[in-house]
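Just so it is clear, the structure is predicted and the values come from calculations on it, not from any experiment.
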Amino acid sequence: MDSYEMAGFRAELDAINALADRAPGFIWRMVDEDPNDPGLLSLGPLMLVNMSLWRDAGALADYVYRSDHARVFKRRGEWFLPGEGATSVLWWVESGRIPTLTEAVERLRLLREVGASPDAFGFRKLYGADATTGTV
């Protein structure tokens, strides 16, 4: 994050996080990850983690693709190396529970290894809380 190459990303980060915090359907986001968290360590030193909770996939999609976040998201190639396989994962969380980073890493691995399922999916193949598939 401190490198010259990440300067443009760092310059956008506070505004984009504030936009998420105010977005309809936003519930929570991880603010400070523990650098010794086993989940984070398992990803390797070049992985940046962003973890948040949203009311539903539609609210998240509105933020990611239909807000000012989309402008920054389109520039990700300037700052990040291409990832192998899925680089993000969605899953349903019981109301009132905050998932752990280790859980998120396990879900991402599941999506990469098995493909979309009710336990780990992406925007291309959504699963509702009742395990039905749909689109945003």
Using the rule that two of Ile, Leu, Val, Met, Phe, Trp, Tyr join whenever any of their side-chain heavy atoms come within less than 4.5 Å, decide whether L53 and L111 are in one cluster.
yes
I'd like to know if the side chain of R55 reaches the main chain of I27, judged simply by a donor and an acceptor atom lying under 3.5 Å from each other, with no hydrogens or angles considered.
no
Has E94 got more than 12 heavy atoms of other residues, nucleotides or ligands less than 6.0 Å from its CD?
yes
Keeping R29 on the side-chain end and M51 on the backbone end, is there a donor-acceptor pair under 3.5 Å?
no
Is it the case that R76 places NZ or CZ above or below the six-membered ring of F80, under 6.0 angstrom from the centre and within 45 degrees of the axis?
no
Side chain to side chain contact (heavy atoms under 4.5 Å, CB included) evaluation trace for L19 with S67:
CA-CA 8 Å; L19 180 65; S67 75; 3.5 Å; yes
Indicate yes or no for a side-chain donor-acceptor contact from W92 to the backbone of Y127 under 3.5 Å, with no hydrogens or angles considered.
yes
Verdict with supporting geometry, M1 and F9, side chain to side chain contact (heavy atoms under 4.5 Å, CB included)
CA-CA 9 Å; M1 278 295 286; F9 179 74; 3.9 Å; yes
Going from OG1 on T87 to CZ on R112, what distance comes out if it is rounded to the nearest 0.5 angstrom?
7.5 Å
For L108 and A86, which heavy atoms make the closest approach, and how far apart are they?
CD1-O, 3.5 Å
For V72 and W79, the nearest pair of non-hydrogen atoms, with its separation, is O-CZ3, 3.7 Å
What orientation do W54 and F26 show, parallel under 30°, tilted 30 to 60°, or perpendicular over 60°?
perpendicular
Chi angles and distances behind the salt bridge (charged side-chain N to carboxylate O under 4.0 Å, His left out) call for R75, E12:
CA-CA 11 Å; R75 296 180 58 201; E12 299 280 5; 3.5 Å; yes
Kindly say whether V89 contributes a backbone atom to a donor-acceptor pair with the side chain of R107 at under 3.5 angstrom?
no
May I ask you to say whether R97 pairs ionically with E103, meaning some side-chain N is under 4.0 Å from a carboxylate O?
yes
Check for me whether the distance between the ring centres of W91 and F121 falls short of 6.0 Å.
no
Nearest-0.5 Å distance, NE2 of residue H69 to CG of residue D62
13.0 Å
Side chain to side chain contact (heavy atoms under 4.5 Å, CB included) assessment of D21 paired with W28:
CA-CA 8 Å; D21 292 347; W28 168 90; over 6 Å; no
Here the pair of heavy atoms bringing G25 nearest to A59 is CA-CB, 3.8 Å
Evaluate the side-chain proximity of I16 to Y63: yes if any heavy-atom separation is below 4.5 Å, no if none is.
yes
Could you state whether V31 and L60 fall into the same hydrophobic cluster, counting links through intermediate Ile, Leu, Val, Met, Phe, Trp or Tyr residues with side-chain heavy atoms under 4.5 angstrom apart?
no
Taking R124 for the side chain and A116 for the main chain, is one N or O donor matched with an acceptor at less than 3.5 Å?
no
